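Sequence lines set the chain letters: A, B, ... in the order given, protein chains first and strands last, and positions in each chain run from 1. No experiment lies behind these values; they were computed from the predicted model shown.
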Amino acid sequence: MGPTIRFNRRPEGKESLIFEFHDPGEHMKDLLKQWVDGMVNQVRAQGLLPHDPLPAYRIDRPKERHHGDFSTNAAMVLARIARMKPRDLAERMLATLPRDQKDIERWEVAGPGFINFFVTTSRLQQHVHEIIDAGTRYGQSSLGQGVKVMVEFVSANPTGPMHVGHGRGAVTGDVLCRLLTATGHEVHREYYINDAGRQIDVLARSVQHRCRERMEGVTLSTPDEFYPGEYVIDILEAMPPSLRQSLEGSLANPPPLDTNDTTMTALTRFAVNWVLEDIRNDLDRLDIHFDQWFSERELHEQGGIDHALKILRAKDLIHDGSLEKPKGGGERPQDQWETRRQPLFRATAFGDDVDRPLQKPDGTYTYFAADIAYHLNKYERGFDRLVNIWGADHGGYVKRVEAALEGLTGKKDILKVLLVQMVNLTRNGQPVRMSKRAGNFVTLRDVVEQVGSDAVRFWFLTRASASQLDFDLDLAVAHSNDNPVYYVQYAHARICSIERQLEEKGLERGLLDAHVLELEAEMDLIRFLNVYPETVESAAVHLEPHRIAFYLQDLAAMFHTYYNSTRILDDEPRIRGGRLALCHAVRQVLTNGLKLMGVKAPERM
RNA sequence: GCGCCCGUGGCUCAAUCGGAUAGAGCAACGGCCUUCUAAGCCGUAGGCUGCAGGUUCGAAUCCUGCCGGGCGCACCA
């Protein structure tokens with residue numbers, strides 16, 4: 001069910017009256033659904049169908065317009081049970097339908113047994129006003145019914161600047177949040193900070209290494225285990241004098257400090273916060289913001305892991321065992337493998353391939369153990385549904401985390417992990433290194449500065465997240481006019497321009513009554529505007545933000561075609577007013593869609 | 001060897017939880033600015049949806065097996 005919103009209706013230019021309605025798109029579909037259900041019940045009453053539960057049938061919008069505005073496959077789905085030919089059953093169903101229908105012009109049986117429905121012109125015209133009156137709310141729905149969803153995304157390790165791959169996950173997550181919010185979910189955006197692992201110590205020691213360099217006034221070779229990036233020096237230079245002094249002091253007095261040293265602790269905190277600030281800055285430039293930044297370190301300190309493992313133990317889901325050496329020909333040499341007994345989570349009880357270790361040889365917890373605790377924590381905070389957006393290189397973790405959550409809660413399908421595939425960054429066709437360890441890599445910030453937030457955001461959403469994405473820097477910059485985002489924005493700017501022209505030429509605005517519209521191009525445009533709310537819902541339900549990008553490109557294309565074939569500012573005021581109303585509706589949908597993508601809708605270009 | 005993802009015109013990708021004649025963009029070719037922005041539009045050409053089976057009224061979509069590419073595979077994250 002769509003939301004109930006109030007709007008003004010202006011049929012035939014008469015006085016406005018207020019009444020309630022559902023989403024325009026859903027309204028018709030709901031109506032059709034009732035009809036089809038009614039027909040099915042009728043033929044069932046005639047004894048053509050058993051009273052058992054029936055297979056699901058659908059109401060769809062056919063691709064081909066001559067197949068109507070809506071169609072149902074009900075007769076085909078039910079034909080076997082009825083032991084009739086699909087077309088015959090369709091005829092019997094239609095025979096039960098009353099003749100006088102206000103919004104449907106006609107219906108027919110077509111093809112292998114589809115029932116097609118054709119909406120009246122006046123109903124289509126009416127949609128234009130419904131869109132205008134709904135305004136920024138057009139496309140929103142209450143589908144989610146206030147379900148509490150946490151979306152965890154980005155969660156890049158605070159050990160260096162974000163790369164382009166992070167950016168794709170960030171944009172995907174952000175738009176997904178916007179979609180879920182628009183469809184009536186209560187969304188919580190969270191960033192999980194991996195500030196507890198060994199890589200944090202490496203960061204601190206990398207800073208330390210640079211500090212030693214400065215003190216000795218030489219350039220030392222940078223060992224492999226340190227982060228080589230320039231930003232490490234930035235961290236050093238940003239350090240408050242007191243910390244710098246104690247760092248230098250400790251370096252002057254061997255033996256070198258260990259990780260429990262207070263100076264080292266302070267250094268680590270400072271470095272992590274510096275990098276997080278850097279990351280936050282990048283995200284700001286993309287207009288991406290979080291409700292909460294969740295620290296893994298605090299999770300440890302507050303005993304979250306013990307808490308989670310205690311529950312698992314109580315359910316007998318932890319046992320001591322040893323893993324078998326993985327077989328066969330990975331790249332990694334397997335000769336260092338040593339068999340040892342360790343506490344394992346019984347992931348195999350929930351569909352994973354092997355049981356998973358919870359402790360490292362030194363007795364500390366594995367990353368997986370912390371992840372179990374974190375996801376339990378999410379669940380205990382009262383979220384109905386969890387969505388994680390991970391890079392594809394973490395795909396191997398999905399099963400075990402799902403398994404852990406099911407083991408802890410006894411519920412399946414609380415968590416959905418959306419894997420975002422790799423971004424292949426190239427420059428002039430040549431691959432560009434993106435590893436933090438490579439030192440000289442292109443950061444997300446570089447790309448946003450060169451290409452711009454709008455283009456970057458849009459480009460990331462021009463592919464399903466399961467598909468790998470090619471991102472060529474030269475192409476994005478040099479041929480930026482080919483970027484689809486400008487195509488869509490241009491449609492919006494054009495409409496704004498028309499409205500400006502209206503003023504400049506001193507033309508009357510007219511009645512803005514869409515009921516004078518009659519061109520096929522206009523009806524097609526209206527039909528497509530009606531698909532928007534369904535597109536938003538399907539993008540949200542399927543967790544596929546890219547659908548909005550494709551929809552907007554199609555809508556822009558339809559508008560450009562219309563614009564080129566038809567003069568909006570017609571000499572006849574009534575026609576002009578009708579077309580302006582339609583443009584208004586198109587502009588509204590472009591605005592709403594771009595807003596969902598976090599992309600600006602410029603008034604002029 | 002195992003798990004996950006992906007194979008769709010020359011290239012990059014869509015395709016409404018199985019629907020009717022598989023669609024766009026780029027590249028190629030030919031047209032359209034004395035009227036609202038040519039960052040645009042119109043037209044032409046291009047396909048055995050990797051291969052082979054199966055499921056059913058109906059398959060790019062689901063199942064099985066191959067082929068090819070990507071990611072991952074105790075202890076790091």
Side-chain angles (χ1 to χ4, degrees), chain A residues 56 58 60-64 66-67 71 73 75-77 79-80 85-87 110-114 116 157 159 194 196-200 202 322-330 332 334 336-340 342 344 352-354 356-357 359-362 366-368 370-371 391-399 419 421-422 424 462-464 466-470 475 479-484 486-487 489-491 493-502 504-505 507 531 534-535 537-538 541-542 546-547 550 553-554 556-557 560-565 567-570 579 583 604-605:
Chain A
R58 300 174 49 83
D60 284 312
R61 291 179 180 273
K63 286 184 279 204
E64 301 287 332
H66 69 269
H67 290 140
S71 74
N73 61 352
M76 291 184 292
V77 170
R80 179 206 280 267
K85 293 176 184 173
R87 291 189 64 111
F114 289 102
N116 298 333
N157 286 336
T159 55
N194 292 117
R198 197 180 66 88
Q199 80 281 1
I200 297 303
V202 173
S322 47
L323 292 175
E324 286 182 25
K325 176 176 169 177
K327 287 174 184 159
R332 194 164 302 185
Q334 301 287 336
Q336 306 137 357
W337 179 272
E338 52 180 89
T339 303
R340 62 169 163 268
Q342 52 194 335
L344 301 172
D352 199 1
D353 307 320
V354 292
R356 302 293 179 178
Q359 280 182 354
K360 305 173 198 172
D362 66 4
T366 59
Y367 177 80
F368 176 52
D371 240 357
D393 53 343
H394 289 66
Y397 263 75
V398 174
K399 277 187 183 176
L419 292 180
Q421 287 291 330
M422 304 283 97
N424 298 316
T462 54
R463 237 131 282 189
S467 293
Q468 293 189 28
L469 176 73
D470 294 326
L475 213 64
H479 301 292
S480 57
N481 282 352
D482 290 336
N483 193 302
Y486 299 111
Y487 183 80
Q489 288 180 321
Y490 184 53
R494 251 186 172 168
I495 295 171
C496 294
S497 173
I498 294 168
E499 291 170 355
R500 281 196 300 272
Q501 280 291 316
L502 189 73
E504 286 168 17
K505 293 187 176 177
L507 294 171
V531 178
E534 296 164 32
T535 304
E537 289 192 350
S538 70
V541 167
H542 297 284
H546 73 279
R547 293 189 188 203
F550 282 94
Q553 290 183 76
D554 290 343
H560 286 310
T561 297
Y562 174 59
Y563 175 91
N564 274 277
S565 69
R567 188 162 176 81
I568 309 301
L569 299 178
D570 193 86
R579 290 180 182 165
C583 287
R604 51 182 90 221
M605 292 174 69

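Counting distance only, with no hydrogens placed and no angle test, the side-chain atoms of A:T339 and the base atoms of B:A74 include no donor-acceptor pair under 3.5 Å. Scanning atom types as modelled, no donor and acceptor separated by under 3.5 angstrom connect the side chain of A:Y490 and the base of B:A38. If you check distances only, the side chain of A:R547 never reaches the base of B:A14 with a donor-acceptor pair under 3.5 Å. A donor-acceptor contact under 3.5 Å is not formed by the side chain of A:D60 with the base of B:G19.
Judged by distance alone, with hydrogens and angles left aside, the side-chain atoms of A:N194 form no donor-acceptor pair with the main-chain N or O of A:N157 at under 3.5 Å.
Between A:K505 and A:R567 the shortest heavy-atom distance is NZ-NH2, 3.6 Å. Residue A:T159 comes nearest to A:Q199 through the heavy atom pair CG2-CG, 3.4 Å, listed as atom of the first residue, atom of the second, then distance. In this structure, A:P357 and A:T366 approach most closely via the heavy-atom pair O-OG1, 3.2 Å. The minimum heavy-atom distance linking A:P86 with A:P112 is given by the pair CB-O, 3.3 Å. A pairwise comparison of heavy atoms in A:N116 and A:H67 identifies CG-O, 2.9 Å as the closest pair. Closest of all the heavy-atom pairs between A:A466 and A:Q421 is O-CG, 2.9 Å.
For A:H394, there are no ring-ring contact (aromatic ring centres under 6.0 Å, His included) partners at least two apart in sequence or on another chain.
Counting non-hydrogen atoms under 4.0 angstrom, A:H560 reaches the backbone sugars and phosphates but no base. Within 4.0 Å (heavy atoms only), A:N73 reaches at least one base atom of the nucleic acid. Residue A:G197 is in sugar-phosphate contact alone, with no base atom involved, counting any heavy-atom pair closer than 4.0 Å across all strands shown. Using a 4.0 Å heavy-atom distance criterion, A:N116 is classed as a base contact. A:A79 comes within 4.0 angstrom of nothing in the nucleic acid, heavy atoms only. At a threshold of 4.0 angstrom between heavy atoms, the contacts of A:S497 include nucleobase atoms, whether or not backbone atoms are also involved. A:P357 comes within 4.0 angstrom of sugar-phosphate atoms only, judged by non-hydrogen atoms across all strands, and of no base.
Here the straight-line distance linking atom CZ of A:R547 with atom OG1 of A:T535 works out to 8.5 Å at 0.5 Å rounding. A:Y562 contributes atom OH, which lies 6.0 Å from atom SG of A:C583 (distance to the nearest 0.5 angstrom).
Side-chain atoms of A:M422 lie closest to B:C71 of the nucleotides B:U37, B:C71, B:A74. Nearest nucleotide to the side chain of A:D393, out of B:C42, B:C76, B:C71: B:C71. The nucleotide whose nearest atom lies closest to any side-chain atom of A:V77 is, among B:C75, B:C36, B:C57, B:C57. When each of B:C75, B:G70, B:A20 is scored by its nearest atom to the side-chain atoms of A:S71, the top-ranked nucleotide is B:A20. Which of B:A38, B:U21, B:A20 sits closest to the side chain of A:H66 comes down to B:U21. Counting only heavy atoms from C-beta on, A:T561 has its side chain closest to B:C41 among B:A77, B:C41, B:A20. Comparing atom distances between the A:R463 side chain and each of B:A14, B:A77, B:A74 picks out B:A14 as nearest. With distances taken from any side-chain atom of A:L323 to the nucleotides B:A14, B:A74, B:C5, the minimum falls on B:A74. When each of B:C57, B:A14, B:A39 is scored by its nearest atom to the side-chain atoms of A:A464, the top-ranked nucleotide is B:A14. Candidate nucleotides B:A20, B:G3, B:G70 were compared by shortest atom distance to the side chain of A:F114, and B:A20 ranks first.
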Would you give a per-nucleotide map of nucleotides 22-32 of chain B, 5' to 3', where B means the base has a protein non-hydrogen atom under 4.0 Å away, S means only the sugar-phosphate does, and - means neither?
-----------
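The P atoms of B:C75 and B:U12 are separated by 36 Å, rounded to the nearest whole Å. Between the C1' atoms of B:A38 and B:A45, the separation comes to 24 Å (whole Å). Using C1' as the reference atom, B:U49 and B:U8 are 4 Å apart when rounded to the nearest Å. Comparing B:C2 with B:A74, their C1' atoms are spaced 15 Å from each other, to the whole Å. Here the separation of B:C5 from B:U61, taken at their P atoms, is 15 Å to the nearest Å. For the C1' atoms, the distance linking B:A60 with B:C48 amounts to 12 Å, nearest Å. Using atom P as the reference point in both B:G40 and B:C62, the two lie 35 Å apart (nearest Å). Spacing of P atoms, B:G9 relative to B:A22, comes out at 15 Å, to the nearest Å.
Between A:D353 and A:I568, the residue whose closest nucleotide on RNA chain B is further toward the 5' end is A:D353. When each of A:A196 and A:Y562 is assigned the nucleotide of RNA chain B bearing its nearest heavy atom, the one mapping closer to the 5' terminus is A:Y562.
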Where does RNA chain B pair, written as one dot-bracket string 5' to 3', with Watson-Crick or G-U pairs under 3.5 Å, ( ) inside the strand, [ ] for crossing pairs and | for another strand?
(((((((..((((.....[...)))).(((((.......))))).....(((((..]....))))))))))))....
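Counting to the nearest Å, the P atom of B:C76 and the CZ atom of A:R356 are 13 Å from each other. Rounded to an integer number of Å, the gap from A:R58 CZ to B:G58 P is 19 Å. Atom OH of A:Y486 is separated from atom P of B:A39 by 14 Å (rounded to the nearest Å). Put simply, NE2 on A:H394 is 10 Å from C1' on B:G72, counting in whole angstrom units. One can place CZ of A:R340 at 9 Å from P of B:C75, the figure rounded to the nearest angstrom. Summarising the geometry, the separation between CG on A:D470 and P on B:C6 is reported as 16 Å, rounded to the nearest angstrom. Taking atom OH of A:Y563 as the reference point, atom C1' of B:C33 lies 11 Å away to the nearest angstrom. The nearest whole Å value for the distance from the NE2 atom in A:H67 to the P atom in B:A20 is 9 Å.
The side chain of A:H542 contributes an N or O atom lying less than 4.0 Å from OP1 or OP2 of B:C17. The side chain of A:R494 places an N or O atom within less than 4.0 Å of a non-bridging phosphate oxygen (OP1 or OP2) of B:A38. Applying the 4.0 Å criterion to OP1 and OP2 of B:C76, one finds that A:K360 has a side-chain N or O inside that range. Side-chain nitrogen and oxygen atoms of A:H546 include none within less than 4.0 Å of the OP1 or OP2 phosphate oxygen of B:U16. An OP1 or OP2 oxygen of B:C17 is reached within less than 4.0 angstrom by no side-chain nitrogen or oxygen of A:S538.
Of the residues A:Q489, A:H560, A:E499, the one that meets the side chain to side chain donor-acceptor pair (under 3.5 Å) test with A:R494 is A:H560.
Nucleotide B:C33 carries a syn base; the chi torsion (O4'-C1'-N9-C4 or O4'-C1'-N1-C2) is within 90° of 0.
More than 12 heavy atoms of other residues, nucleotides or ligands shown are found within 6.0 angstrom of CD on A:E504. Counted within 6.0 Å of NZ on A:K85, heavy atoms from surrounding residues, nucleotides or ligands total 12 or fewer; the atom is thus considered open.
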